[in-house]
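For clarity, every value in this text was computed on a predicted model and none was experimentally measured. The figures that follow rest on heavy atoms only: side chains count, while hydrogens, waters and symmetry mates do not. Letters A, B, ... are given to chains in the order of the sequence lines, protein chains preceding strands, and every chain is numbered from 1.
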Number of protein chains: 2
Amino acid sequence: MPLASERDASLREFAGYTMKRAFHVIQSDVNRVLEPLGLRMVSFSALVVIADNPGLRQSELAETLMIERPNLVLVLDTLERMGLITRNVAPEDRRALAIEPTAEGRRLCEAAKEEVRRHDRRMTQGLDECERADLIAALRRIESATAREENDG
Amino acid sequence: MPLASERDASLREFAGYTMKRAFHVIQSDVNRVLEPLGLRMVSFSALVVIADNPGLRQSELAETLMIERPNLVLVLDTLERMGLITRNVAPEDRRALAIEPTAEGRRLCEAAKEEVRRHDRRMTQGLDECERADLIAALRRIESATAREENDG
DNA sequence: TTTGAACTGTTACCATCTATAACCATTATT
DNA sequence: AATAATGGTTATAGATGGTAACAGTTCAAA
């Protein structure tokens with residue numbers, strides 16, 4: 001009987017399949033790491049962008065994170081309820097809400113970033129610095145190649 | 001105002017975040033490609049492994065694809081209803097079901113593989129052959145690094 | 001200036017995916 | 001024979017992702 005690890009040999013030619021598996025373990029691990037802080041992968045990402053871009057509007061945040069506006073609402077509800085952010089009506093456009101991190105939000109953000117940094121190094125421990133940089137660069141090129149194609153269509 | 005593409009600069013140091021975004025576009029695209037064939041990413045993966053390993057049991061297939069057994073049931077129900085596979089009680093263990101691809105299943109599998117191959121090349125069009133191989137190798141190392149850690153824990 | 005289009009956040013809703021517990025039938029263990 | 005363990009299944013829950021529709025606001029055109 002072949003090893004379980006070889007039964008999917010045909011699928012290993014696809015970057016997509018291997019990425020799905022790698023991402024699955026990363027996602028599980030990062031959520032495990034963030035759970036004591038009351039964060040998930042998405043809310044963590046949102047919090048980091050908010051801390052880096054105070055005054056950002058929800059639609060801009062959604063665009064930045066590449067998620068749909070409706071799906072962002074509950075994420076921000078959670079962060080707001082945790083006292084990590086505030087939503088304030090933008091004076092120059094009363095439709096929009098400008099998001100601001102609270103002092104507590106900034107503190108938790110830094111702590112979470114440190115945890116996620118450790119997690120990320122652990123996930124890529126089989127790679128040297130150069131390979132790790134190449135991996136991230138390759139992933140970014142996949143993202144932009146697709147964006148290019150979407151613009152053509 | 002900073003570009004939307006730069007607002008998440010802090011997150012780009014994390015392989016996990018960049019992989020999430022890259023995988024998101026890959027997943028969307030492959031499902032779009034497979035949709036005319038009546039397949040999803042998971043059912044495609046299952047069909048390929050089944051075609052390569054006739055007689056495989058459901059629990060072995062679940063282990064191979066790294067998905068939980070209950071989640072495999074509906075996937076196989078679909079493939080069976082489409083006439084692509086059969087589930088037969090294993091003579092030597094009447095608890096187990098041995099999965100076999102039908103002729104039609106093998107045909108569709110080959111056609112789908114060809115489509116997915118084109119999709120995968122399109123997704124990695126920004127990479128040369130070497131970079132593409134390095135990417136897949138790096139992703140596999142992430143997977144196995146985590147497995148190693150889980151065994152330690 | 002007023003009508004209609006476009007945009008912002010929101011709600012409701014649906015489909016997919018993943019994980020867990022519990023169950024029945026069967027096999028293995030003792 | 002009694003008990004545990006295994007294989008497939010059902011039910012269920014939570015997270016995720018997407019669309020349609022709506023109220024309030026701003027913008028653009030007539």
Intermediate values then yes/no, side-chain contact (heavy atoms from CB on, under 4.5 Å), A:Val49 and A:Leu65 = CA-CA 8 Å; A:Val49 174; A:Leu65 294 176; 3.9 Å; yes
Does A:Ser59 place a side-chain N or O at less than 4.0 Å from the phosphate oxygens OP1/OP2 of C:dG9?
->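 Yes, A:Ser59 has a side-chain N/O under 4.0 Å of OP1/OP2 on C:dG9.
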Quick one: B:Asn71 CG to C:dT20 C1', roughly how many Å, whole number?
->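 Value for this atom pair: 10 Å.
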Residues A:Arg121 and A:Glu129 bridged, charged N to O under 4.0 Å |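 Looking at A:Glu129 together with A:Arg121, the answer is yes, because their closest N to O distance falls below 4.0 Å.
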B:Glu143/B:Arg140 ion pair, N-O < 4.0 Å |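 No salt bridge links B:Glu143 with B:Arg140.
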Interatomic distance where CD belongs to B:Gln27 and P belongs to C:dA15 [whole Å] =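 B:Gln27 atom CD is separated from C:dA15 atom P by 18 Å.
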Would you check if the side chain of B:Asp29 reaches a backbone N or O of B:Val25 as a donor-acceptor pair within less than 3.5 Å?
->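 Not at all, since once roles are kept as given, no pair shorter than 3.5 Å links the two residues.
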Salt-bridge test for A:Arg81 and A:Asp77: reply yes if a basic N is under 4.0 Å from a carboxylate O, no otherwise.
->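 A:Asp77 and A:Arg81: not salt-bridged.
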Check: A:Thr86 and A:Thr102 side chains under 4.5 Å, non-hydrogen atoms |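 Yes. Closest side-chain heavy atoms under 4.5 Å.
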To the nearest Å, how far apart are A:Glu60 CD and C:dC7 C1'?
->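 It is 13 Å, rounded to the nearest whole Å.
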Taking the nucleotide of DNA chain C with the closest heavy atom to each, which residue, A:Val73 or A:His24, is nearer the 5' end?
->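 Counting from the 5' end, the first nearest nucleotide belongs to A:Val73.
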May I ask you to decide whether A:Glu35 forms a salt bridge with A:Arg32, counting only side-chain N to carboxylate O separations under 4.0 Å?
->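 Looking at A:Arg32 together with A:Glu35, the answer is no, because their closest N to O distance does not fall below 4.0 Å.
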Rounded to whole angstrom units, what separation is found between the CZ atom of A:Arg69 and the C1' atom of C:dT10?
->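 A:Arg69 atom CZ is separated from C:dT10 atom C1' by 12 Å.
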Find the distance B:Asn31:CG to C:dA15:C1' and express it as a whole number of Å.
->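 To the nearest whole Å, that distance equals 12 Å.
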In whole angstroms, how far is the P atom of D:dT9 from the CG atom of B:Leu61?
->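 About 12 Å, once rounded to whole Å.
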Between C:dT18 atom C1' and B:Arg40 atom CZ, what is the distance in whole Å?
->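 Rounded to whole Å, this separation is 14 Å.
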Rounded distance in Å - CG (A:Leu72) to C1' (C:dT8) =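 In whole Å, C:dT8 C1' and A:Leu72 CG are 12 Å from each other.
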Mind listing the residues from residues 81-98 of chain B sitting with a heavy atom below 4.0 Å of DNA chain D? Number order is fine.
->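 B:Arg87, B:Arg95, B:Ala96, B:Leu97, in order of number.
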With the side chain of B:Gln58 defined as its heavy atoms from C-beta on, choose the nearest nucleotide among D:dG8, D:dG18, C:dT10.
->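 Among the listed nucleotides, the one closest to the side chain of B:Gln58 is D:dG8.
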